[in-house]
Novice: 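Take this structure, written in structure tokens, and hold onto it; I'll ask about it next.
The model shown is predicted, which means the values in this text are computed figures rather than measured ones. Just the heavy atoms: all of them, side chains too, but no hydrogens, waters or symmetry mates, feed the values below.
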Amino acid sequence: MNQRLEEARANASIPYDRYQQEFQQSYEKAPYYRDGQSWQDYEPAYKYGYDQYASATGRKWEEVKSELEQGWDKAKGESRMAWEQAKDAVRAGWERLERAMPGDADNDGR
């Protein structure tokens with residue numbers, strides 16, 4: 001296994017709580033925010049993206065997007081958002097963890 005992937009997997013144990021407050025303070029300012037949606041709608045999307053990045057380390061967003069869409073109804077819990085509404089928040093959760101990784105774990109240039 002390559003070293004970059006090993007580092008990413010080790011760092012994937014960064015606790016979600018570390019980012020939850022940041023998401024909660026900024027979700028209403030996000031370009032994908034929809035009036036009438038609450039933190040209880042968005043939080044499962046951020047968490048889902050975060051969790052899935054940790055389990056799909058080394059894969060790009062575009063490679064897993066359709067898989068994530070298929071799993072959203074089960075993962076969303078009490079969120080009222082359909083995939084089309086949630087996908088940008090899911091991606092934000094994904095990318096937030098990705099940015100915390102050293103190097104470019106999924107080789108997407110970021």
Side-chain angles (χ1 to χ4, degrees):
M1 186 172 298
N2 75 42
Q3 182 178 356
R4 191 176 291 156
L5 185 55
E6 277 297 315
E7 289 173 3
R9 285 196 175 148
N11 287 319
S13 64
I14 297 169
Y16 174 72
D17 299 9
R18 180 173 165 189
Y19 302 113
Q20 184 179 22
Q21 184 177 12
E22 176 186 319
F23 289 133
Q24 191 169 10
Q25 291 174 347
S26 64
Y27 81 98
E28 292 176 303
K29 297 174 187 112
Y32 49 80
Y33 173 74
R34 293 177 182 240
D35 287 336
Q37 301 293 338
S38 69
W39 172 245
Q40 287 71 30
D41 294 312
Y42 279 92
E43 198 275 335
Y46 291 124
K47 180 86 167 80
Y48 182 53
Y50 174 94
D51 288 343
Q52 294 306 303
Y53 180 81
S55 66
T57 299
R59 296 177 67 196
K60 296 177 181 154
W61 169 259
E62 292 303 320
E63 294 172 346
V64 299
K65 185 170 63 170
S66 64
E67 292 172 33
L68 297 178
E69 179 178 3
Q70 292 174 1
W72 173 242
D73 281 338
K74 183 177 178 183
K76 73 180 190 174
E78 298 296 315
S79 175
R80 298 174 290 165
M81 295 193 302
W83 174 252
E84 283 303 311
Q85 296 170 314
K87 69 181 175 183
D88 291 329
V90 173
R91 187 172 187 165
W94 173 283
E95 289 178 348
R96 181 62 183 96
L97 185 56
E98 178 184 41
R99 286 190 306 271
M101 298 298 139
D104 182 17
D106 66 358
N107 299 309
D108 70 353
R110 294 190 266 171

Novice: When rounded to the nearest 0.5 angstrom, what distance separates CZ in Arg59 from CD in Glu67?
Specialist: 4.0 Å

Novice: Return the set of residues passing salt bridge (charged side-chain N to carboxylate O under 4.0 Å, His left out) with Glu22 (not counting sequence neighbours), or none when no residue passes.
Specialist: Arg96

Novice: Report the relative orientation of the aromatic rings in Trp94 and Tyr53; use parallel for angles under 30°, tilted for 30 to 60°, perpendicular for over 60°.
Specialist: perpendicular

Novice: How many angstroms lie between atom OH of Tyr46 and atom CG of Asp88, to the nearest 0.5 angstrom?
Specialist: 9.5 Å

Novice: When rounded to the nearest 0.5 angstrom, what is the spacing between CD in Gln52 and CG in Leu97?
Specialist: 11.5 Å

Novice: Identify the two heavy atoms, one from Ala92 and one from Tyr32, that lie closest to each other, and give their separation to 0.1 Å.
Specialist: CB-OH, 3.5 Å

Novice: Which residues satisfy the salt bridge (charged side-chain N to carboxylate O under 4.0 Å, His left out) test with Glu62, sequence neighbours excluded?
Specialist: Lys65, Arg91

Novice: Can you say whether the rings of Trp72 and Tyr48 are parallel (under 30°), tilted (30 to 60°) or perpendicular (over 60°)?
Specialist: tilted

Novice: Please give me the minimum heavy-atom distance between Ser38 and Tyr27, naming the atom from each residue.
Specialist: C-OH, 3.6 Å

Novice: With ring pair (Phe, Tyr, Trp, His ring centres under 6.0 Å) as the test, would you mind laying out the steps for Tyr33 and Tyr42 before giving the verdict?
Specialist: CA-CA 9 Å; Tyr33 173 74; Tyr42 279 92; 5.8 Å; yes

Novice: Take Trp83 and Leu68 through the test side-chain contact (heavy atoms from CB on, under 4.5 Å) and record every step on the way to the result.
Specialist: CA-CA 9 Å; Trp83 174 252; Leu68 297 178; 3.8 Å; yes

Novice: Only pairs at least two apart or in different chains count here, so list each salt bridge (charged side-chain N to carboxylate O under 4.0 Å, His left out) that has a residue in residues 23-43.
Specialist: Asp41-Arg80

Novice: Over all heavy atoms of both residues, which pair between Pro44 and Ala75 is shortest? Give the atoms and the distance, please.
Specialist: CB-O, 4.3 Å

